[in-house]
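Working notes for the structure below.
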Amino acid sequence: METQLSNGPTCNNTTNGPSNSNTEDSKTNLIVNYLPQNMTQEELKSLFGSIGEIESCKLVRDKITGQSLGYGFVNYVDPKDAEKAINTLNGLRLQTKTIKVSYARPSSASIRDANLYVSGLPKTMSQKELEQLFTQYGRIITSRILVDQVTGVSRGVGFIRFDKRVEAEEAIKGLNGQKPPGATEPITVKFANNPSQKTNQAILSQLYQSPNRRYPGPLHHQAQRLRFSPMTIDGMTSLAGINIPGHAGTGWCIFVYNLAPDADESILWQMFGPFGAVTNVKVIRDFNTNKCKGFGFVTMTNYDEAAMAIASLNGYRLGDRVLQVSFKTNKTHKA
DNA sequence: TTTTATT
């Protein structure tokens, strides 16, 4: 019985059970999870190559869309380097993500589709308690409880990934429809949807079948998933008759709010440049005093990079100020 | 009432 609970609150348990995976392969081959969306295989290779010589490296992508699936494999020549990579790179913060680095289990059919979706959980249940409930059925690889982004309170929904599919099946048999100790409502336990089942065909048909939609939000979101270029989106914008926030035609215009009175253009270049191609920056100043009026604009060429910059820099603390960063909207001056 | 963990 080698079940390991996670080491910490953020489900960073490494899958290096002493008895389970002691093949040669497992000592050099790593799986890297929770990678930022825009990270390329080259960047992955470069990051892990800084530890030692890499035998092979692969970023896993969606077969159809080419989108990164947020994880990859790094195989070192020397097992010592693999161990070093776990020790130094696991938990590393990259942009908005905290990456997880652990030994890859030997690939086999038995470990696929072992991910469970659990709903109806008591809102008070912690990740640890969730694991305690499931651990009797097998070795837990990851666990997660989804929380409300704003309040941080549990949504009563979570995921449990087991080492083996058969363990997941047993957990469904044993726990689906059951009440956890102390709970008033039964929980639902089933296999989680396979993310790759959500084909872009379905997304595309949504895009094209709604020529009258007026709501930029969701469409915008899907554009991100599909990695359309700004030009493609522009074409679709006219086709669908909608507005895409921040899209000026020459790039993606980003609104930066709460700059200090003495802010200048160089600070905007410095902040946004690392995220990708920046074509223009502008600090808005008072005509008389020549002091910054508290905001500015940045234009970036590529949607993905602009989105990443916004995700990373919104809420960023510059001096004693907390910046607000978003795509520029066409709102005049209400709300 | 679905996050991105098996090449």
Side-chain angles (χ1 to χ4, degrees), chain A residues 4 6 10-17 20-21 23 25-26 28-39 41 44-45 48 54-76 86 90 94-123 127 130 138-149 154-165 167-168 172 176-177 185-200 202 221 224-227 311:
Chain A
Q4 290 208 176
S6 68
T10 51
C11 101
N12 257 344
N13 46 335
T14 54
T15 51
N16 53 355
N20 182 10
S21 40
T23 66
D25 194 44
S26 74
T28 56
N29 195 21
L30 303 181
I31 184 164
V32 188
N33 286 294
Y34 308 111
L35 292 170
Q37 248 305 310
N38 66 347
M39 190 166 192
Q41 182 162 305
L44 184 67
K45 187 174 181 179
F48 283 79
I54 289 174
E55 204 273 322
S56 62
C57 167
K58 175 154 193 175
L59 178 69
V60 181
R61 297 175 172 281
D62 183 285
K63 281 201 179 73
I64 300 163
T65 66
Q67 274 273 49
S68 163
L69 292 181
Y71 68 92
F73 295 90
V74 176
N75 201 355
Y76 282 100
I86 291 176
N90 184 38
L94 286 179
Q95 292 157 20
T96 60
K97 306 276 189 174
T98 301
I99 69 169
K100 179 178 173 187
V101 184
S102 53
Y103 288 114
R105 293 167 288 164
S107 184
S108 87
S110 66
I111 66 173
R112 295 182 52 184
D113 302 315
N115 194 21
L116 295 180
Y117 173 78
V118 188
S119 58
L121 294 167
K123 299 277 196 284
Q127 185 186 0
L130 180 67
R139 178 162 176 239
I140 295 171
I141 301 303
T142 54
S143 67
R144 188 182 210 78
I145 288 181
L146 302 187
V147 298
D148 185 286
Q149 292 261 322
S154 166
R155 291 166 56 193
V157 171
F159 292 88
I160 292 279
R161 179 179 297 279
F162 278 106
D163 183 40
K164 298 280 192 299
R165 181 182 172 91
E167 296 169 340
I172 292 176
N176 184 38
E185 298 300 319
I187 60 173
T188 300
V189 183
K190 56 202 230 187
F191 283 109
N193 291 163
N194 192 336
S196 58
Q197 309 262 301
K198 198 192 289 177
T199 65
N200 67 341
H221 201 69
Q224 180 181 19
R225 294 179 57 86
L226 287 170
R227 301 198 111 185

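In this text, all values refer to a predicted model and were calculated from it rather than measured experimentally. Letters A, B, ... mirror the listed sequences (proteins, then strands); counts begin at 1.
Side-chain atoms of A:Q37 lie closest to B:dT4 of the nucleotides B:dT7, B:dT4, B:dT2.
Per the stacking criterion (ring centres < 5.5 Å, plane angle < 30°), A:F159 stacks onto the base of B:dT3.
Note: CG (A:L69) to P (B:dT3) measures 13 Å, nearest angstrom. Per the geometry, CG belonging to A:D62 stands 14 Å off C1' belonging to B:dT7, to the nearest Å. Atom P of nucleotide B:dT2 and atom CG of A:D148 are separated by 13 Å, given to the nearest angstrom. B:dT3 atom P lies 20 Å from atom CZ of A:F162, rounded to whole Å. If you measure from atom CG of A:N33 to atom P of B:dT6, you get 8 Å, rounded to the nearest angstrom. What separates CG of A:N115 from C1' of B:dT1 is a distance of 15 Å, to the nearest Å. Rounded to a whole Å, the CG atom of A:L116 is 13 Å from the C1' atom of B:dT3. Following rounding to the nearest Å, A:N176 (CG) and B:dT1 (C1') show an atom-to-atom distance of 13 Å.
Mapping A:F73 and A:G70 onto DNA chain B by nearest heavy atom places A:G70 at the nucleotide closer to the 5' end.
In this structure, the side chain of A:Y76 does not engage the main chain of A:L30 through any donor-acceptor pair within 3.5 Å. Proximity of a side-chain donor or acceptor of A:Q127 to a complementary backbone N or O of A:I145 within less than 3.5 Å is not detected.
The distance from atom CZ of A:R105 to atom CG of A:D163, rounded to the nearest 0.5 Å, is 4.5 Å.
At a threshold of 4.5 Å between non-hydrogen side-chain atoms, the residues A:Q37 and A:Q67 count as touching.
Taking the six-membered ring where the residue is Trp, the centroids of A:F159 and A:Y117 are separated by under 6.0 Å.
Residue A:R144 places no side-chain N or O under 4.0 Å from the OP1 or OP2 atom of B:dT2. The phosphate of B:dT3 (OP1 or OP2) has no side-chain N or O of A:R161 nearer than 4.0 angstrom.
Nucleic acid contact class of A:L146 (heavy atoms, under 4.0 Å, all strands): sugar-phosphate only.
If you check distances only, the side chain of A:N29 does reach the base of B:dT7 with a donor-acceptor pair under 3.5 Å. Judged by distance alone with a 3.5 Å cut-off, a donor-acceptor contact links the side chain of A:R105 to the base of B:dT6.
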